[in-house]
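For reference, the structure discussed in these notes is given below.
Numbering of residues begins at 1 and proceeds along the displayed sequence.
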Amino acid sequence: MASNLIAHCGARIVERAELEKIEPPSATPTWVPIKHSVIMDRVGKALSDANFSIRAVKTAVSRGDQRLFATIDTSCGLAGGDVTLAVAVVNSTDKSLPMKMIAGNRVMACDNLALRSDLMSTAVVRKHSKFGLDRFQEALLRAVSHLDAFKIAEAARIKRFMHSKITDTEAEALMLRSYERGVIGPRLLPRLIQEWRNPSFEEFEPRTLWSLENAHTTVLADVAKANPHRFCALSVSLQALLGEAAGVRPEETVPALSA
């Protein structure tokens with residue numbers, strides 16, 4: 001199943017040919033906006049050069065085409081082929097967002113996307129400055145060179161979550177903490193509880209931390225449709241919360257790189 005990036009609330013899906021036509025505004029002495037297609041080219045080439053086969057690319061733009069959110073799914077399996085390595089790409093040409101690439105995973109059964117920035121060697125964030133694209137390229141190459149380590153760490157994390165059984169009481173406590181941290185809002189909390197109690201996908205019927213993670217990402221799919229940039233931040237926050245609950249093992253940590 002390919003990634004399913006759906007745009008609402010003023011955002012729209014664009015194909016590569018249309019993305020290429022979107023030009024950034026003029027630069028200033030201190031701010032140099034980078035064309036969306038250039039960012040996508042840099043990330044795509046870096047992944048290909050590192051031998052990560054690209055399976056699917058989806059792009060959406062919003063705010064008068066000034067904001068970009070894209071997902072790139074690879075063919076690299078993390079959990080027996082049921083979960084694959086994916087990255088998200090963010091850009092803006094209205095001074096609202098820096099250039100970003102964040103690694104994560106795509107669950108094939110339900111198309112859920114989860115992103116992580118706690119392994120900072122695979123998260124790239126750079127401002128639109130005079131040398132911003134050069135800095136982004138440098139950081140991108142370092143990050144992609146660590147994706148093999150991320151793959152191992154993420155596969156270990158997923159395996160651990162799949163084997164981490166939790167009770168309803170423990171799940172409810174984590175859902176409350178998710179609400180308190182703003183990962184899940186009051187409108188989505190009842191749906192999250194229902195998704196945990198009656199999963200939409202049989203793969204998540206086992207009472208595990210992995211099933212709870214996917215209960216969250218299933219419900220957050222609505223946020224991904226309405227505001228993909230906010231989803232990106234919420235997904236990262238969710239991973240931090242669940243990581244705290246599970247603890248961190250040495251094999252699940254990738255050495256961080258300096259900015």
Just to verify, what does [X] make a side chain to side chain donor-acceptor pair (under 3.5 Å) with, not counting sequence neighbours?
X: Glu18; value: Arg12
X: Asp82; value: none
X: Thr93; value: none
X: Ser235; value: none

Test: Arg126 and Glu138 ion pair at under 4.0 Å: no
Can you name the side-chain contact (heavy atoms from CB on, under 4.5 Å) partners of [X], sequence neighbours left out?
X: Arg197; result: Glu172, Ile193
X: Leu234; result: Leu220, Val223, Arg230
X: Glu203; result: Ala109, Phe201
X: Lys151; result: Cys76, Leu78, Asp148

Salt bridge (Lys or Arg N to Asp or Glu O under 4.0 Å): pairs with one or both residues in residues 180-192, sequence neighbours excluded: Arg181-Glu244, Arg191-Asp222
In residues 44-51, what donor-acceptor pairs under 3.5 Å come from side-chain atoms, sequence neighbours left out?
from: Lys45; atom 1: NZ; to: Asp49; atom 2: OD2; distance (Å): 2.6
from: Ser48; atom 1: OG; to: Gly44; atom 2: O; distance (Å): 3.1

Test: Arg160 cationic atom under 6.0 Å from Trp210 six-membered ring centre, within 45° of axis: no
NZ or CZ of Arg177 within 45° of Tyr179 ring axis and under 6.0 Å: no
Nearest non-hydrogen partners of Pro25 and Trp31, listed with the distance: CG-CH2, 3.7 Å
Qualifying residues under salt bridge (Lys or Arg N to Asp or Glu O under 4.0 Å), relative to Asp168, sequence neighbours excluded: none
